[in-house]
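The structure under discussion appears below in the form of structure tokens.
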Amino acid sequence: MSRPRRGLRTLMAGLLALTILLPSLVIGSPTAAAAPAGGSLRVVLLGDSYSAGNGAGDYYGDDKSAYRSRNNWAHRYVDWVNTQNVSATLTNLAHSGAVTDDLLGRSGQVAAIPADTDLVMLTIGGNDVGFADIVQKCFTLGLRDAKSCKTKVDGANALMDDVMGSTRNILQLIDDRLPDGAQVILVGYPRLATSRSYILKDLFGSVSYDAGTGVRALSETARDKQAAMVENWNATHPGLKVTYIDGVVAAFDGHEPDPATNSRNDYRWLNEFFETRGRLAANGKTTSTFSLDAAEFYHPNIIGHQQMANLIINQVGVPSNVKPASSPAIVAASYAVSDSVTTAEDAPEAWIQGPYVAKEGSTLTLDARGSHADDGDITTYEWDLDGDGVFEQTSTEPVIDYTFADLYDGQVGLRVTQDDGQTDVYTTQVQITDDGDNTPPEFDNCPDAYNYSQSDYDGDGVGDVCDPDPGYPTEDQPGVCVVGENCPDDDATAAPVPTPDGAGTAPDASDPTDSATTAAPADATDPEPAAPTPDTAGDAAAAGNQPATAADNPTAPGTAVATETPLSLPTTPAGSTAHDARTRLANTGFSAGLPFAAISLAATAVGTVLIRCAIRRQLR
């Protein structure tokens, strides 16, 4: 046989080199080392509403003020880890409204971390510097004004160093609680407004403040100080590695809320007013579900949470401290019960990523991927779906779909068996209700509608979802305006209050969709505008500068996949809770359309008509 020609040898060598290089060129691939074969990872989530998941929907747990969502970035990251041949579990201790003090102390979140935790993840500090007050005083109709906005932003800047000290104390407490080798991921915050001009003016006080620039700069200051604090920590504490995810600001650039009251950002990754569960539409824009709960506003939507998870996947990948298969048994979360049939050191460990709350008739994806065998492989997963101790379904895969056709409040059990015959049993709570939330009808302030948090802005005992008059302001305070939007001395004539049209009406109960979109449905003949691109400060490694793809928005395991019933629009707008501002990162109140001086003198009936029009515009 003749030798290959030199050109062919050169070509083969080139192909071999290309084959070796290709894995490093795959967009979105983690920068960390390849995942180990098998093993387990115990993950605990701490922090505030940006961790818990306000605004992402699919909340679970009995604490209605926690807003723990199955769509949050931590769940999405752990879901990904479970696809990397690692059995990862997540214990969610994050709580909406948490400040650094809520993580410290004998009864704080850190004290509840199981002793065998491998990875702690969190966002923290936003409530300490008053993000909720900033959203209220800078962006919320009826509450905003230039002087108060500037005061809140200046105060937040002044508190930054104290918050960094408290965050360092949290890291020290985690270091003291966990053995050497544990890791922490601290995730940064995005900006709260796009870069469009947004200048508040108080005419009577002749005060003008560039609120958009001030609020955006605040997030950048927080990023710089958190990054410096983590760098100093890692230089002096080798036993607890901390990774700071500082690419959030860059990744979300162009995807923040539009501060104007008469428009939305079509590519937003944070919920604006009157919406929740923002997700990717077929036309590449963001669509959402109408919401009357202000605790969901100005928080990452479903797209945003996936993008935050993507940042962790790309920067961390699978953590290097994954436990080998022979690691000790897991400590059960407070809401679940683990009952090992055998105490042998090499027994398997069962786990269901619960608890679950869903509406009657929903199909739940029950997730047991956190289970793992300590010696060999798990051969069967057996499911007790009605809590009677009998395992009705058996599968060889750890994830199953099951439709709960009837009301149910009890336990779902899992028994895993590894190939040597040893077993382990784990149970978690499942609540299947008539309206999808877990408040009993006799205590529910809107018994016929989903209102997980029981928000009641005016405290009249009627929840915002079903209250015809929740008591929100419908216009700015006297003399307050936004330059270029509604100030009397604007060069351009203020836009009139729009009349309803097909693209801007609220979702109707007969509509099969539950979306409050920013534009009319996509038309193949009408090309959509390109999504915003990152500026020169963007981080190319921070996956997320382009619109999310459908793959970025999977149905999270444990999420009810039944079609949601859209809320009927009440006579007047609603949307918050009467809780203290400290309990919410963005207890922001109601936002309607452009206010005019004449509205304040109009009759109540005329005002009601204008409010309805404003709501319709918000839903476009």
Side-chain angles (χ1 to χ4, degrees), residues 47-57 67 69 71-73 96-98 123 125-144 148-149 152-153 156 187-196 198 200 211-212 214-216 218-219 222 248-249 252-261 263-265 267-279 286 288-305 307-308 453 455 457 464 472 516 518 573-577 579 581-592 618:
D48 55 28
S49 56
Y50 271 57
S51 290
N54 291 45
Y67 284 87
S69 170
N71 297 320
N72 69 25
W73 55 264
S96 175
T123 60
N127 290 312
D128 292 73
V129 300
F131 272 14
D133 292 337
I134 290 170
V135 172
Q136 288 180 354
K137 298 303 182 183
C138 297
F139 303 119
T140 306
L141 188 75
L143 300 177
R144 63 186 179 181
S148 297
C149 176
K152 295 299 181 183
V153 172
V187 179
Y189 295 101
R191 302 185 189 101
L192 297 178
T194 60
S195 60
R196 73 174 295 162
Y198 182 72
L200 281 172
V215 172
R216 283 172 63 84
L218 183 64
S219 297
V248 177
V249 167
F252 275 66
D253 188 46
H255 301 284
E256 307 95 341
D258 189 326
T261 58
S263 63
R264 287 200 194 278
N265 179 1
Y267 301 99
R268 61 198 179 277
W269 293 351
L270 285 86
N271 294 315
E272 297 188 15
F273 294 107
F274 274 126
E275 64 174 349
T276 186
R277 294 176 56 89
R279 53 205 178 275
T286 298
S288 62
T289 301
F290 184 65
S291 173
L292 298 170
D293 184 351
E296 299 187 301
F297 309 158
Y298 274 76
H299 288 81
N301 57 27
I302 293 176
I303 305 172
H305 277 284
Q307 296 301 331
M308 293 167 80
S453 69
S455 62
Y457 180 79
D464 294 327
Y472 282 97
T518 61
S576 186
T577 98
H579 292 182
R582 182 178 176 280
T583 67
R584 304 285 164 81
L585 181 60
N587 188 9
T588 52
F590 166 72
S591 172
Q618 290 283 351

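Only a predicted model underlies this, so the values are computations on that prediction, with no experimental measurement involved.
Between Cys138 and Val215, the shortest heavy-atom distance links the atoms SG-CG2, 4.1 Å. In plain terms, the two heavy atoms of Ala56 and Ser69 that are nearest each other are CB-OG, 3.4 Å. Of all heavy-atom pairs between Ala98 and Gly47, the closest is CB-O, 3.3 Å. Among all heavy-atom pairs drawn from Cys149 and Ala211, the shortest one is SG-CB, 3.6 Å. Between Phe273 and Phe297, the shortest heavy-atom distance links the atoms CD2-CD1, 3.7 Å.
A heavy-atom distance below 4.5 Å is found between the side chains of Phe252 and Met308. For the pair Tyr189/Asp48, a side-chain contact is recorded, criterion being any heavy-atom separation below 4.5 Å from C-beta on. With contacts defined as side-chain heavy-atom distances shorter than 4.5 Å, the pair Pro190/Val249 does not qualify. For the pair Lys137 and Arg144, the minimum side-chain heavy-atom distance is 4.5 Å or more. Ser195 is listed as a side-chain neighbour of Arg216, based on a closest heavy-atom distance under 4.5 Å. Asn301 has its side chain out of reach of Arg279: every pair of non-hydrogen atoms, C-beta onward, lies at least 4.5 Å apart. At least one side-chain heavy atom of Ile134 sits under 4.5 Å from a side-chain heavy atom of Leu218.
Aromatic ring orientation, Tyr50 versus His299: tilted (interplanar angle from 30° to 60°).
The side-chain hydrogen bond (donor to acceptor under 3.5 Å, both in side chains) test applied to Ser148 returns Asp145, not counting sequence neighbours. Legend: residues meeting salt bridge (charged side-chain N to carboxylate O under 4.0 Å, His left out) with Asp258, ordered by chain and number and at least two apart, are Arg196.
Rounding to the nearest 0.5 Å places OG1 of Thr123 at 9.5 Å from CG of Asn72. Between atom CG of residue Leu270 and atom NE2 of residue His255 there is a gap of 11.0 Å, rounded to the nearest 0.5 Å. Here the NE2 atom belonging to His305 is positioned 8.5 Å from the CD1 atom belonging to Ile302, to the nearest 0.5 angstrom. Rounding to the nearest 0.5 Å places OG1 of Thr286 at 8.0 Å from CD of Glu275. Arg264 CZ to Asn271 CG: the interatomic distance, rounded to the nearest 0.5 Å, is 8.5 Å.
Checking Thr276 against Thr289 by side-chain atom types alone, no donor-acceptor pair falls below 3.5 Å. Between the side chains of Glu256 and Thr194, no donor-acceptor pair is found at a separation under 3.5 Å. A donor-acceptor contact under 3.5 angstrom links the side chains of Tyr67 and Ser453, judged on distance only.
Residues Tyr198 and Phe139 place their aromatic rings such that the two centres sit under 6.0 Å apart. Ring centroids of Tyr298 and Phe131 are separated by 6.0 Å or more, keeping the two rings apart.
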Give the intermediate values and the outcome of side chain to side chain contact (heavy atoms under 4.5 Å, CB included) for residues Phe290 and Leu292.
CA-CA 7 Å; Phe290 184 65; Leu292 298 170; 3.6 Å; yes
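Side-chain atoms of Arg191 do not come within 3.5 Å of backbone N or O of Pro257 as any donor-acceptor pair. Listed for the Thr140 side chain is a donor-acceptor partner under 3.5 Å among the backbone atoms of Val135.
Ionic pairing of Arg277 and Glu296 is not present here: no N-O contact between side-chain nitrogen and carboxylate oxygen is shorter than 4.0 angstrom.
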